[in-house]
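Quick notes on the structure that follows.
Chain letters run A, B, ... following the sequence lines, proteins first and then strands; every chain starts at 1.
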Amino acid sequence: MDTDVLIKVSGLEKHFDGGKIHALCGIDAEIKKGEVVVVIGPSGSGKSTFLRCLNLLERPTAGTVLFDGADITDRSTDINLHRRKMGMVFQHFNLFPHMTVLGNMTIAPVKLLKKSKKEAEEKAMGLLERVGLADRANAYPSQLSGGQKQRIAIVRALCMDPEVMLFDEPTSALDPEMVGEVLDVMKKLALAGMTMVVVTHEMGFAREVGSRVIFMDGGRIVEENEPEEFFRNPESDRLKSFLAKVL
Amino acid sequence: MAWLSRIWLEISDQFVTAFITDNRWKYILKGLGNTLLLTALALCVGIVLGVVVSIVRSTWDKRREEMRPGFGKGLFAFFNAICKVYLTVIRGTPVVVQILIIFFVIMASSSNKILAGVIAFGINSGAYVAEIIRGGIMAVDEGQTEAGRSLGFNYVQTMWYIVIPQAFKTVLPALANEFIVLLKETAVAGYVGLTDLTRGANIIRGITYQSFMPLIAAALIYLAMVMFFSWLVGKLERRLRTSGH
């Protein structure tokens, strides 16, 4: 296997409701180190399910996901160890409301990586500094705006030093004027060389930051290409009509 | 004003007969002590039982589908079924019948009334506590579990660090209410001869042939305790609300 490949997905299928709903119908994909893969598609196309299968929040019905060469769909693999290296950011932030910002960011490194509280807090403060939220370290999530929550959610995942970051529609629940601040953080992250898989409706981000864009529809990958080509010369009719509607 | 002093004399006479003569107030005091002891111990049993049962039930409801078929899942299904039977039976029968069964059938060879009371009321309260806590666990957004799991916490760690603390905060007022209900329910402990507050008062009634004083006294003591604890619960609720998270 190519050593540059971080995640390799083969024949991924996901059924819901005992097989009645086919969310994913055989997905093959590779994500290389340092790549920013943007997944777009209409709602119900399976793009979120695909992303959630990558860290097994959704257990695929069939197919394999290789992460760092290990088959994480194998029942004997300890998925918890692999998830530490796969950060995830959710549409609805999912910050822990009973902990401060600093508490949110340090609980996993302290409990799982056995870092000292001081060491974890220093790292957290450094990251907060980078996203301009150092002054909110002792605030509770309920005291933050949506954009601030999502930036905290991103740095919370970064505290675990992940090898890849998964974004599940990170800006969809935000007020329009807060989208920019979150995308900025993601862009910086991409420029710093982080491997990212981003499910989003932000075409501007896909075009500007993405190294590859995947278009999904009906549980399949319909088309994928480099952003420039993807948006300028879409091949399939389905993508053409989709882009005509969203651009 | 003569009638007023007659009533006063009558009342003070009844009061003396009910509580002062032969130190009869000791029945009330001893009864009150037993009521509080019974409530406190039953509450402990109830909370331990309730937490265990609620975790089994909510884990089964939420995670059944992703569990791997096999011995472990079968065992879990078995425990879940036991919990369901427990909840149905306990919540479907009167607590008086339950304590009679515990004392005269299950613990027939023992004469420890307090122990029988603690077991009966603990098991009874546990069923209600379990449903309260389960409600709290189910009310915590699924995204919280997903966020915990995505960081690498296993299921137990996610429950312990993330879900349970939030669930507990939500259900604390309901739990406190369950405690108040339990306090009043222990009044039926007299059915097995346990001298609680109610039975203490009733004993005085039996000795003095006067109903008014001892029964009203018992009622007032219950009322005072319930009002005190309700006030505490209200304070707690306000504090939880203002802390805002």
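- If you take NE2 on A:H92 and CD on B:E142, they are separated by 13.0 Å, rounding to the nearest 0.5 Å.
- For CZ of B:F79, the number of neighbouring non-hydrogen atoms (other residues, nucleotides, ligands) closer than 6.0 Å is 12 at most.
- Other residues, nucleotides and ligands contribute more than 12 heavy atoms inside 6.0 Å of the NZ atom of A:K123.
- The main-chain N or O of B:G143 is found under 3.5 Å from a side-chain atom of A:N94 such that the two form a donor-acceptor pair.
- When all heavy atoms of B:A147 and A:F96 are compared, the pair lying nearest together is CB-CE2, 3.8 Å.
- Only the backbone of A:L95 comes within contact range of chain B, judged by heavy atoms closer than 4.5 Å.
- Among the candidates A:L112, A:I107, A:L166, the residue making the largest number of heavy-atom pairs closer than 4.5 Å to chain B is A:L112.
- Residue B:Y191 qualifies as open at atom OH: its count of foreign heavy atoms under 6.0 Å is 12 or below.
- By the neighbour-count criterion of 12 heavy atoms within 6.0 Å, atom NZ of B:K73 is densely surrounded, having more than that number from other residues, nucleotides or ligands.
- In this structure the side chain of B:L151 never reaches within 4.5 angstrom of the side chain of A:R84, judged on heavy atoms.
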Full working for side-chain contact (heavy atoms from CB on, under 4.5 Å) between B:R149 and A:L57: CA-CA 8 Å; B:R149 297 305 304 271; A:L57 277 188; 4.2 Å; yes
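- In plain terms, the two heavy atoms of A:R83 and B:G152 that are nearest each other are CB-CA, 4.0 Å.
- In this structure, the portion of A:F90 lying under 4.5 Å from any heavy atom of chain B is its side chain and not its backbone.
- Between A:L56 atom CG and B:S150 atom OG the span is 12.5 Å, to the nearest 0.5 Å.
- For chain B, the option among A:H82, A:M160, A:K111 with the highest count of heavy-atom pairs below 4.5 Å is A:K111.
- Few gaps surround OH on B:Y86; more than 12 heavy atoms of other groups in view lie less than 6.0 Å from it.
- In this structure the side chain of B:Q166 reaches within 4.5 angstrom of the side chain of A:P97, judged on heavy atoms.
- The contact between A:R52 and chain B is made entirely by side chain atoms (from C-beta outward), counting heavy-atom distances below 4.5 Å.
- Residues A:N80 and B:F153 are not in side-chain contact: their nearest non-hydrogen atoms beyond the backbone lie 4.5 Å or more apart.
- The parts of B:N154 that come within reach of chain A are both its backbone and its side chain, each placing non-hydrogen atoms under 4.5 angstrom from that chain.
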